[in-house]
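Everything below concerns the one structure shown next.
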Amino acid sequence: MTLDVDVLSDVATLNVDGRELELPLIEGSEGERAIDIQRLRAETGLVTYDPGYGNTGSCISDITFIDGDAGVLRYRGYPIEQLAQQSTFMETSYLILNGELPTQAQLSEFKDQITYHTLLHEDIRHMYRAFPLSAHPMAVTSAVVGALSTFYQDSLDPLDDDQVEVSTYRLLAKLPTIAACAHKYSIGQPFNYPQNDLDYAENILHMMFSTPTEAYDVNPTFARAIDVLLILHAEHEQNCSTSTMRMVGSSQANIYASASAAIMALWGPLHGGANQAVIEMLHDVADNEGSGKAFLERCKDRDDTTRLMGFGHRVYKNFDPRALILKEAADGVLRELGRSTQMLEIAQEIEAQALDDDYFVSRKLYPNVDFYSGIIYEALGIPIHTFTAFFALGRMPGWIAQWREQGKDPAARIGRPRQIYTGENERQFQPIEQR
Ligand code: CMC
């Protein structure tokens, strides 16, 4: 079997079993090329084998561009660095969902729609009591987001644009309330109602930290730090949770069901759960390992399952640009708040040692977004088990935009990969007494 790619005629020619098949090449707006294999199985009986989908383009998308070798990330064409510095999470969410930056009027209308929907139905609030106090906020958040499909049965049709629109606002508006209630429940404090005169990040902090007994003034440094973190997490093309959102949505399951599944996918420590795992790792190094160097030896040891959490990425083979922004932001936030820099120092030491070590260098393992984010969350007083819920708050506009894009894509079909079966060939059933 051979596969020849002819750049000039934009086809790849596959020679297999004495047959020749021309497969079209498609090219994205940044020059990334792909072989379109949609006719492959029908014409040759062959399927492709690509565990983890590292070489598979599952869709055509206009939303996010990543150049993993150059460390570039752009939402709708805008560099992440510019958005983190100059935009707000609400404006960036509008951009991701609608493709263009809003005018002042469009942004006001968008924010009005979101603040209108921040409140939870009182019966949803009762759901929390069914969970043990020790429940992880990601499990609770996913369950409550899934349950929105029981409270909003008027807007479950994925083919109805108006229903999708109102569900978009509901998800973006209610997720902070849902996640904050999960936190409050876990520490035995009363739930806070949202305050719609606060902006998105301020409202999150109010719902997380205020109590009925004392005045709580939102610290603007905290709020801006949260807003930047949300912007950096807002979208990241076809990662595990976004692919889950699309996969579930591809069966025409409603948007709440799809988002609930995406939250579960994000929870895993190889994905969004890494932000919790990183801070636990840094504390472990501080308390037990003594030095980052000894810890790195364990990460390199093939007989040890320990990984350097917050390092490595499927797409970035260079610095994750989000990690660069967060490293600087962590330094600024800790200094501004006068917090201990011990975790940051340990992280910086580990990073320097890893980037001077052939194991990490040869595998192109660099800090990813989760390496420094937990240090900021911790400095802001966010409990460790809630870090990944903050990632979910940030990622929601990206999940929704990808789900909506798929809904409008004429090429989209139900997600249904093939497999290469390696089990038993046909055999005859033996009654139990004869085995
Ligand atoms: N520590 C030690 N070794 C690593 C690490 C790590 N963090 N990451 C990858 N490797 C090694 C891996 O053992 C393998 O080595 P070898 O070739 O000798 O078998 C090689 O590097 C390639 O790794 P891989 O597992 O094939 O890479 P992948 O693209 O399948 O996985 C990853 C990507 C992010 C899951 C992985 O790098 C990892 O587990 N990192 C730690 C968890 C983490 O920080 N996740 C957050 C990712 S970014 C934000 C997000 O997605 O939520």
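For ligands, and for the atoms within them, numbers begin at 1 and follow the listed sequence. It should be emphasised that the depicted structure is a prediction, and the values quoted were computed from it without experimental measurement.
Here the two rings, on Phe191 and Tyr128, have centers that are under 6.0 Å apart. The aromatic ring centroids of Tyr316 and His236 lie less than 6.0 Å from each other.
Sorted by first and then second residue, the salt bridge (Lys or Arg N to Asp or Glu O under 4.0 Å) pairs with a member in residues 386-405 read Glu165-Arg404, Arg246-Glu405; sequence neighbours excluded.
Residue Arg335 qualifies as open at atom CZ: its count of foreign heavy atoms under 6.0 Å is 12 or below.
Considering only residues two or more places apart in sequence or on other chains, Arg41 meets the side chain to side chain donor-acceptor pair (under 3.5 Å) condition with none of them. Here Ser373 pairs with Leu229, His233, Asn275, Leu326, Asp370, Tyr377 under the side-chain contact (heavy atoms from CB on, under 4.5 Å) rule; sequence neighbours left out.
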What are the distances between nitrogen or oxygen atoms of ligand 1 and protein nitrogen or oxygen atoms, counting only those under 3.5 Å?
unit_1	atom_1	unit_2	atom_2	d
ligand 1	1 (N)	Leu308	N	3.0
ligand 1	3 (N)	Tyr359	OH	2.8
ligand 1	7 (N)	Leu308	O	2.7
ligand 1	7 (N)	Phe311	O	3.0
ligand 1	13 (O)	Arg307	NH2	3.3
ligand 1	15 (O)	Arg363	NE	3.2
ligand 1	18 (O)	Arg302	NH2	2.6
ligand 1	18 (O)	Arg363	NE	3.1
ligand 1	18 (O)	Arg363	NH2	2.9
ligand 1	25 (O)	Arg307	NH1	3.2
ligand 1	25 (O)	Arg307	NH2	3.1
ligand 1	29 (O)	Arg314	NE	2.8
ligand 1	30 (O)	Arg314	NH2	3.0
ligand 1	39 (O)	Arg307	NH1	2.7
ligand 1	40 (N)	Phe311	O	2.9
ligand 1	44 (O)	Gly310	N	2.7
ligand 1	44 (O)	Asn368	ND2	2.9
ligand 1	45 (N)	Leu270	O	2.8
ligand 1	51 (O)	His271	ND1	2.9
ligand 1	52 (O)	His271	O	3.2
ligand 1	52 (O)	His271	ND1	2.7
ligand 1	52 (O)	Gly272	N	3.2

